[in-house]
Amino acid sequence: MAFQLGDDDVRSMDEMNLIPLIDIMLVLMIIFLLTATVLNPTVPLDLPETSAALNETPPEAIQVSIDKDAGIFWDSDPISMQELETRLQQQGATGKNPAVQLRADKEGKYDTVAQVLAAASNAGLTKIAFVNE
């Protein structure tokens, strides 16, 4: 059995409104952040001095593209499979191991892609990347 005083229609407010307090805290936090950055703009550090050698520039990437009609392109020049194999052999013989970026049309034949991958592998090129959009 519950104890009750007064009418049922009168409801007392038993919760404190915290929204004004939260607003004041946010304003104070912003003011603190602004004044803290103005008062201490930099931190004095004694950094060590080092010297670094220049890194070698990475070798140029070979762009090989295959269109939907099984046409092979070196950069933007159309070439045959035999010419691609000789160019890849020449690039592999330089010893720089350039990256091969392979772009293949989604409607193209997988057989042509496999032949290009085999030619690059036979030439000793191990950095092969598939490029998509």
S.K.: Looking only at non-hydrogen atoms, find the nearest pair between Asn122 and Gln89 and report the distance.
M.R.: O-NE2, 3.6 Å
S.K.: For Asn97 and Gly92, indicate whether the former's side chain and the latter's backbone hold a donor-acceptor pair under 3.5 Å.
M.R.: no
S.K.: Would Phe73 end up clustered with Val100 when hydrophobic side chains under 4.5 Å apart are linked, directly or stepwise?
M.R.: no
S.K.: Take Val64 and Gln101 through the side-chain contact (heavy atoms from CB on, under 4.5 Å) test and state the conclusion after the steps.
M.R.: CA-CA 6 Å; Val64 177; Gln101 294 181 353; over 6 Å; no
S.K.: Would you say Met25 ends up clustered with Ile19 if hydrophobic residues are merged whenever their side chains have heavy atoms under 4.5 Å apart, either directly or through other cluster members?
M.R.: no
S.K.: Rounded to the nearest 0.5 Å, how far apart are CD1 of Ile72 and CG of Asp77?
M.R.: 13.5 Å
S.K.: Is there a donor-acceptor pair closer than 3.5 Å between any side-chain N or O of Asp105 and the backbone N or O of Glu107?
M.R.: yes
S.K.: Taking all heavy atoms of Ser65 and all of Asp75, pick out the closest pair and write down the distance.
M.R.: OG-O, 4.3 Å
S.K.: Looking at every heavy atom in both Val113 and Ala104, which two are closest together, and how far apart are they?
M.R.: CG2-CB, 3.8 Å
S.K.: Specify the closest pair of heavy atoms between Ile128 and Ala120, including all atoms of both residues, with the distance to one decimal.
M.R.: CD1-CB, 3.7 Å
S.K.: Could you state the interatomic distance from CG (Asp23) to CG (Leu28), rounded to the nearest 0.5 Å?
M.R.: 11.0 Å
S.K.: Report yes if some heavy atom in the side chain of Val131 is under 4.5 Å from a heavy atom in the side chain of Leu102; otherwise report no.
M.R.: no
S.K.: To the nearest 0.5 Å, how far apart are CD1 in Ile79 and OG1 in Thr86?
M.R.: 7.5 Å
S.K.: For the atom pair CD (Gln115) and NZ (Lys109), what is the distance rounded to the nearest 0.5 Å?
M.R.: 10.0 Å
S.K.: In Å and rounded to the nearest 0.5 Å, what is the NZ to NZ distance from Lys106 to Lys68?
M.R.: 11.0 Å
S.K.: Assess whether atom CE of Met81 is packed by more than 12 heavy atoms of other residues, nucleotides or ligands within 6.0 Å.
M.R.: yes
S.K.: Quick check: closest heavy atoms across Ile66 and Ala70, and the distance to 0.1 Å?
M.R.: CG2-CA, 4.3 Å
S.K.: Taking all heavy atoms of Leu21 and all of Met16, pick out the closest pair and write down the distance.
M.R.: CD1-CE, 4.2 Å
S.K.: Could you please spell out the steps behind the side-chain contact (heavy atoms from CB on, under 4.5 Å) verdict for Gln91 and Ile62?
M.R.: CA-CA 9 Å; Gln91 291 294 324; Ile62 301 169; 3.6 Å; yes
S.K.: Distance check, rounded to the nearest 0.5 Å: Ile30 atom CD1 versus Thr35 atom OG1?
M.R.: 12.0 Å
S.K.: Might you work through the side-chain contact (heavy atoms from CB on, under 4.5 Å) test for Val27 and Phe32, ending with a clear yes or no?
M.R.: CA-CA 9 Å; Val27 169; Phe32 174 73; over 6 Å; no
S.K.: Say whether Ile31 and Leu26 are linked into one hydrophobic cluster, either directly or through other cluster members, by side-chain heavy-atom distances under 4.5 angstrom.
M.R.: no
S.K.: Does any pair with a residue in residues 82-92 pass salt bridge (Lys or Arg N to Asp or Glu O under 4.0 Å), and if so which ones, sequence neighbours excluded?
M.R.: Glu83-Arg87
